[in-house]
Amino acid sequence: MTTLLRRSIAALATLAGVTIAVAGCAGAAPDGAPGTAGRTPPAGEPSPGALSLIPDAATYRPGSVITLTIANDGRRTVYVEDQKTDCSPVMLWRQDVAYDNCGAERAPRITAIQPGERHTVRIDLGSANFAERPAEPGDYRAVLGYRFGEQPHGEEAARVSADLAIG
């Protein structure tokens, strides 16, 4: 991605974040800082804060495994649901397309991530979940939706990974 394009995306993300915050729709991060509400793929720089989504590499081969670490360095327990990309709690986005490809026919599993805890997530790009729509080469982001209560209520807040490249 060119520098001008990255700056443009970052500026648009900042403007969108201000618009969301002014409208009162922003979620809260584990440390009380504003988060990103909804299920729209955020752009720009990775989300700051006490909850992090850390990929093990910046580039992946088609068919390989993306390993991400969810790090809760906040003061509150966060809850995540699987049933997203490859039945993980993380949604893989390419531009404005979400890879919502979990084929499991069951209720989502809820995982509690305690303060100070690390949780490893694997997205297998070669799994059967990608058979119908493989992850094409390109730039991606991983988005973790989370909440503070175990029971679903309202919108999830989100944390965004650094850029991921498949190719």
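Just so you know, residue 1 is the first one in the sequence shown, and it goes up from there. Fair warning: this is a prediction, and the values are worked out from it, not measured in the lab.
Placement of Phe148 and Leu51 within a single hydrophobic cluster is found when ILVMFWY residues are connected by side-chain heavy-atom separations under 4.5 Å, directly or transitively.
Within the 4.5 Å cutoff, no side-chain heavy atoms of Arg133 are placed close to those of Glu136. Side-chain contact check for Thr120 versus Thr67: some heavy-atom pair is nearer than 4.5 Å. Between Ile70 and Pro89 there is a side-chain heavy-atom pair separated by less than 4.5 Å. Leu125 places a side-chain heavy atom less than 4.5 Å from the side chain of Ile66. When side chains are defined from C-beta on, Arg141 counts as touching Asp163, because their heavy atoms get closer than 4.5 Å. Taking 4.5 Å as the limit, every side-chain heavy atom of Val90 sits out of range of all side-chain heavy atoms of Val143. Using a 4.5 Å heavy-atom cutoff, the side chains of Thr111 and His119 are in contact. A heavy-atom distance below 4.5 Å is found between the side chains of Ser88 and Val121.
With sequence neighbours left out, Arg118 forms a side chain to side chain donor-acceptor pair (under 3.5 Å) with Asp73. By the side chain to side chain donor-acceptor pair (under 3.5 Å) test, Asn129 is found to be paired with Asp86, residues two or more places apart in sequence or in another chain being considered. Among residues two or more places apart in sequence or in another chain, the side chain to side chain donor-acceptor pair (under 3.5 Å) test is passed with Gln114 by Thr77. For Tyr60, the side chain to side chain donor-acceptor pair (under 3.5 Å) partners two or more places apart in sequence, or in a different chain, are Asp56. Applying the salt bridge (Lys or Arg N to Asp or Glu O under 4.0 Å) criterion to Arg147, with sequence neighbours excluded, gives Glu81, Glu156.
Taken to the nearest 0.5 Å, the OG atom of Ser52 stands 10.0 Å off from the CG atom of Leu144. For the atom pair CZ (Arg76) and CD1 (Ile113), the distance works out to 14.5 Å, reported to the nearest 0.5 Å. With values rounded to the nearest 0.5 angstrom, Tyr146 atom OH is found 11.5 Å from Leu53 atom CG. Note that CE of Met91 is 12.5 Å distant from OH of Tyr99, once rounded to the nearest 0.5 Å.
Scanning both residues, Gly63 and Asp124, for their nearest heavy atoms gives O-OD1, 3.9 Å. Nearest heavy-atom pair across Pro115 and Gly74 is CB-O, 3.2 Å. Nearest heavy-atom pair, Glu150 versus Ile110, reported as atom, atom and distance to 0.1 Å: O-CD1, 3.3 Å. For the residue pair Ala135 and Ile166, the shortest heavy atom distance occurs at CB-CD1, 3.9 Å. Glu117 approaches Ala112 most closely through the heavy-atom pair OE1-O, 3.4 Å.
Ile54 shares a hydrophobic cluster with no other residue; no ILVMFWY side chain has heavy atoms under 4.5 Å from its own.
Here the side chain of Asn101 pairs no donor or acceptor atom with the backbone of Thr85 at under 3.5 angstrom.
Ion pairing between Lys84 and Asp100 fails under the 4.0 Å rule for side-chain N and carboxylate O.
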